[in-house]
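Indexing begins at 1, ligand by ligand and atom by atom, following the structure's order. It should be emphasised that the depicted structure is a prediction, and the values quoted were computed from it without experimental measurement. If you read the sequence from its start, that first residue is 1, and numbering goes on from there.
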Amino acid sequence: MSVPVIRTPLPGPKARAIIDRDSTVVSPSYTRGYPLVIERGSGCMVEDVDGNVFLDCAAGIAVNSTGHAHPDVVKAIVEQSAKFLHMSGTDFYYEPQVRLAEELAAVTPIAGGVRSFFGNSGTEAVEACLKLSRYASGRQNIIAFLGGFHGRSMGSLSLTASKAIQRRGFGPLMPGVYHAPFPDCYRCPLGLTTKDCAAECLDFIDHQIFAHLVSPDEVAAIVVEPIQGEGGYVVAPDQFMQRLRALTKTHGILLVADEVQSGMGRSGKMFAIEFSDVEPDMMALAKGIASGLPLGVAVARAGLMAWPPGAHASTFGGNPVSCAAALATIGLLKETLVANAADVGAYLMTGLKSLSEAHSLIGDVRGRGLMIGVELVRDRQTKERATTERDAVVNAAFRRGLLVLGAGKNAIRFSPPLVLTKAQADTAVKIFGEALTEVERGR
Ligand SMILES: Cc1ncc(COP(=O)(O)O)c(C=O)c1O
């Protein structure tokens, strides 16, 4: 089927009826950017309840890594479901959880043995990393980065510093958390040029946080997204990651890579941190790991994960059906999809960059693999953020049948299923260009 096909005004009548019901019974805290009500999906195709067919470059917020309803993943889910749905891996044993831990030990960039703790979501993976960091180090404080997103439960929310609304009204948060500037070199948080941004952001930890706020020997961990996701798809320069690793080693601080969004092949490598050749001590994984089934994993050096029975557990964590889906997902990633993310990602990046000639709204196009952010500005010199225009472009793309999502204050993220083809990338670029034209004309 050629995609997209828009048959009704959006939302169509069936979608409208469901949205109306949702509006009275579902939590209003959800952030729906446009009125998509999905009926089914296949690969990069999403059909809504009115028969409109969309090209998906959002993948349920970077989750449907193998595409919607990949037959291998569905088969693994069906086969496991027919055997048993749950037995709580915290109290009993089952092989899919062991096999997944073995597989993760093989693919994560941590040498010398790795253990996995299983939860159900990204925020639980981060919570487990936080608890283990404190437990293993005997220290209490944590450093995270401005613009970072690590989840919404109270511990991970304390690290999250993406949008104030995500924290507003929920304080006091976990004490002992300090935030450092993240090297967003397109608009350096310290007001520096691209050349100096990464080094100075790193020095801020050493010269400001360690000098004025917390002694490094009381810091348990530094938690970093190698590519900030919700913060706007901002890539940390490799040198920054390398110097961060050196700094943490100097002070015996654990380095935790939150690869909930950037992991599982999306960057064109299995994990984004591999671009810098840095080995973290722990990693938080979720989103794309099980192609859409709920699963979050905290992976740590085996020697670090030395907490006793009862110290941490989760009834549903590492559900056997999710583990089966993850094993099928990782198999597909290794076979073709990590390579496809690198190949088609580079192709899509070139296509999106080529749009900047005709579209002055585009300030920056960045990312790795199929994790691409396009930052919109009102003026390329002043870099004034085009936030309302960003929202309008996301909506204009939707009306034309392309699903993308906002990220940060004024960026748009392209996070398609990793099965995206070059022909689909061409379609995405074409529609995105038309959406930009519509919004630029209306200004
Ligand atoms: C980098 C990162 N960490 C943690 C989370 C939290 O994941 P979840 O929503 O599954 O709790 C997210 C979610 O967007 C994320 O992008």
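Sorted by first and then second residue, the ring pair (Phe, Tyr, Trp, His ring centres under 6.0 Å) pairs involving residues 311-340 (not counting sequence neighbours) are H86-F316, F117-H312, W307-H312. Pairs of residues two or more places apart, or lying in two chains, that qualify as ring pair (Phe, Tyr, Trp, His ring centres under 6.0 Å) and include a residue from residues 251-273 are F210-H251.
In this structure, H179 and V177 have side chains that are in contact, with non-hydrogen atoms separated by less than 4.5 Å.
Among residues two or more places apart in sequence or in another chain, the salt bridge (Lys or Arg N to Asp or Glu O under 4.0 Å) test is passed with K422 by D343.
Listed by chain and number, residues touching ligand 1 at under 4.0 Å (heavy atoms only) are S121, G122, T123, F149, H150, G151, E225, D258, V260, Q261, K287.
Under 3.5 Å, the side chains of S262 and S267 contain no donor-acceptor pair of N or O atoms. Side-chain contact of S291 with T329: a donor-acceptor pair under 3.5 Å is present, judged by distance alone.
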